[in-house]
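Since we're looking at a predicted model, the values are computed, not measured. No hydrogens, no waters, no symmetry mates; every other heavy atom, side chains included, goes into these values.
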Amino acid sequence: MQRDGALYYWDYLQLDRLLACQRLESAAHGEPAHDEMLFIVVHQAFELWFKQIIWEIDAVRQVMARDVVADRDMSQVVARLDRVTAIQPLLIHQLEVLETMTPLDFLDFRDHLVPASGFQSVQFRLIENKLGIDPDHRMRIGGAAYTAALSDEHADLLRRSEQQPSLLAHVERWLQRTPFLHFGTFDFWRAYRQTVADLLDRERAVIERNPNLGEHERQEQLANHAKTRDTFAALFDTGRWEEQRAEGRRRLSHEAFLAALLINLYRDEPVFHMPFRLLTALVEIDEGFTAWRQRHALMVHRMIGGKIGTGGTTGHRYLQATSDQHRVFRDLFDLSTFLVPRSALPQLPPEVTEQMQFRYAGAG
């Protein structure tokens, strides 16, 4: 819309419509509650940021769906994911603004909100699905699916989003195409496995010889060390890895996880700089939403105590449970389990390290 032939700020942002969207339910019942305005504005701001996050994730998914992702496109992908991680602290800060409303202030209008609930945020459920949450591991409400509290239109939208390739699925395919998983005659994984075995042997020797440990403490540490060794053994056993996937304990394929580990181990090689930033951004996004869910759970506990949520959830206990159960990129967090010191990394053949350099490196 224009005025006198020129685009006008108010019209461009459609502020007539936007600023007319704050309708107090308490006023409709004859008792306007002052803090309901804050409640509405904060939640509308959440939804605007969710829209932006979906916009960025969809753009990333579109690029990552390609059979070949060019370097310049990868840079764009990382930039858009970094934008999501920049937005996430704003979501947490908005909760701090909302907490300027006291529990008594909230009670002035809370009953008018039933049965509406933030649980019904379709956009946030879309974000979870687009990232790659496992539908079989979603929290249920009174035994019902998360779509049960939504309109038919929105429930159908979310079910369809579950059928579309998620960002996790695209990243898995991209990782499986990672070069350098195979090094010709040089068996990197055999060398890495020997490195791990040597490190674990040294760690066991330290535990056995430590004079500051009592016998009970020594046996306890040796038991934990045995578990660590078994964890590494599972890394090299494709069959055990697939069993863990079938149990829902792993999401990435064995090959994809090894590729992600290789990228983390050799992150200093130029060819892996951008892939490492991508994996780091995904971890930070998962961490950011986990922190937001936890912070949200604390706020809800502060506001309503042990009461049931307006949408029928168990209130803060439900939100706290989702903070762990609804994580998507848990496998990428687990990569740190398998890292070894840079000084212990197997040395790569010269022909491999040469391929890992930028093309102009060494040019005179």
Side-chain angles (χ1 to χ4, degrees), residues 171-172 174-245 247 249-280 282-283 287 329-357 361:
V171 168
E172 180 182 54
W174 170 77
L175 284 168
Q176 290 171 166
R177 300 193 303 266
T178 299
F180 310 113
L181 277 178
H182 307 285
F183 300 93
T185 58
F186 176 72
D187 191 337
F188 167 77
W189 294 110
R190 178 183 296 174
Y192 169 78
R193 190 169 187 172
Q194 185 59 53
T195 296
V196 169
D198 293 342
L199 289 171
L200 290 175
D201 287 345
R202 286 198 292 271
E203 287 179 3
R204 180 179 178 86
V206 168
I207 295 172
E208 290 175 336
R209 299 170 186 167
N210 190 340
N212 298 319
L213 293 177
E215 188 56 29
H216 176 74
E217 294 172 312
R218 192 184 316 279
Q219 292 305 316
E220 188 175 69
Q221 290 196 19
L222 286 173
N224 289 332
H225 182 269
K227 291 179 182 178
T228 300
R229 190 179 291 273
D230 186 66
T231 299
F232 272 98
L235 173 67
F236 300 108
D237 188 330
T238 305
R240 288 181 63 181
W241 188 272
E242 291 307 316
E243 288 177 4
Q244 292 178 358
R245 288 187 79 192
E247 295 167 357
R249 294 162 57 193
R250 295 290 182 191
R251 300 292 304 282
L252 291 176
S253 70
H254 187 243
E255 188 174 19
F257 189 85
L258 289 182
L261 177 57
L262 184 72
I263 290 168
N264 272 262
L265 288 170
Y266 291 96
R267 67 186 70 177
D268 296 330
E269 298 294 340
V271 74
F272 286 146
H273 286 181
M274 200 57 68
F276 175 69
R277 286 187 58 192
L278 168 63
L279 297 181
T280 299
L282 295 175
V283 167
E287 185 176 352
F329 300 103
R330 193 184 302 271
D331 284 344
L332 298 183
F333 281 79
D334 286 343
L335 288 170
S336 297
T337 306
F338 306 103
L339 298 183
V340 298
R342 285 183 173 90
S343 59
L345 282 176
Q347 187 172 358
L348 300 177
E351 63 271 18
V352 175
T353 55
E354 183 178 353
Q355 292 179 55
M356 289 184 173
Q357 301 299 316

Open item on the list: Nearest 0.5 angstrom please: Glu172 CD to Glu255 CD, how far?
Closed with: 9.5 Å
Task: Contacts of type side chain to side chain contact (heavy atoms under 4.5 Å, CB included), residue Val283, not counting sequence neighbours - done: Leu332, Phe333
Open item on the list: I'd like to know if the side chain of Glu217 pairs up with that of Gln221 as donor and acceptor (distance under 3.5 Å, no hydrogens or angles considered).
Closed with: no
- [ ] May I ask you to decide if Asn264's main-chain N or O and Arg267's side chain share a donor-acceptor pair within less than 3.5 Å?
- [x] yes
Identify each donor-acceptor pair in which a side-chain atom of residues 336-347 lies under 3.5 Å from a protein atom, sequence neighbours left out, and give them as a table.
residue	atom	partner	partner atom	Å
Thr337	OG1	Asp334	O	3.0
Arg342	NE	Asp268	OD2	2.6
Arg342	NH2	Asp268	OD2	3.4

Task: Nearest-0.5 Å distance that lies between atom CG in Leu222 and atom CZ in Arg229 - done: 10.5 Å
TODO: Mind running salt bridge (Lys or Arg N to Asp or Glu O under 4.0 Å) on Arg240 and Glu243 for me, showing each step along the way?
DONE: CA-CA 5 Å; Arg240 288 181 63 181; Glu243 288 177 4; 5.9 Å; no
Task: Side chain proximity check, Thr178 to Phe272, heavy atoms < 4.5 angstrom - done: yes
Task: Point-to-point distance, once rounded to the nearest 0.5 Å, from CZ of Arg245 to OG1 of Thr238 - done: 11.0 Å
Task: Reported CD1-to-CG distance for the pair Ile207 and Asn210, which is rounded to 0.5 angstrom - done: 8.5 Å
Open item on the list: Can a side-chain donor-acceptor contact be found between Gln194 and Asp198 if the only test is distance below 3.5 angstrom?
Closed with: yes
Open item on the list: Measuring from atom CG of Leu175 to atom CG of Leu262, what distance do you get when rounded to the nearest 0.5 angstrom?
Closed with: 10.5 Å
TODO: Over all heavy atoms of both residues, which pair between Ala256 and Ser253 is shortest? Give the atoms and the distance, please.
DONE: N-OG, 3.1 Å
Task: Which residues share a ring-ring contact (aromatic ring centres under 6.0 Å, His included) with Trp241, sequence neighbours left out - done: His254, Phe257
Task: Gap separating the CZ atom of Arg251 from the CZ atom of Phe329, nearest 0.5 angstrom - done: 9.0 Å
Open item on the list: Tell me whether the rings of Tyr192 and Phe188 are parallel (<30°), tilted (30 to 60°) or perpendicular (>60°).
Closed with: parallel
Task: Side-chain (Arg218) to main-chain (Leu213) donor-acceptor, under 3.5 angstrom - done: yes
Open item on the list: For Arg190, is the CZ atom crowded, meaning more than 12 foreign heavy atoms sit under 6.0 Å from it?
Closed with: no
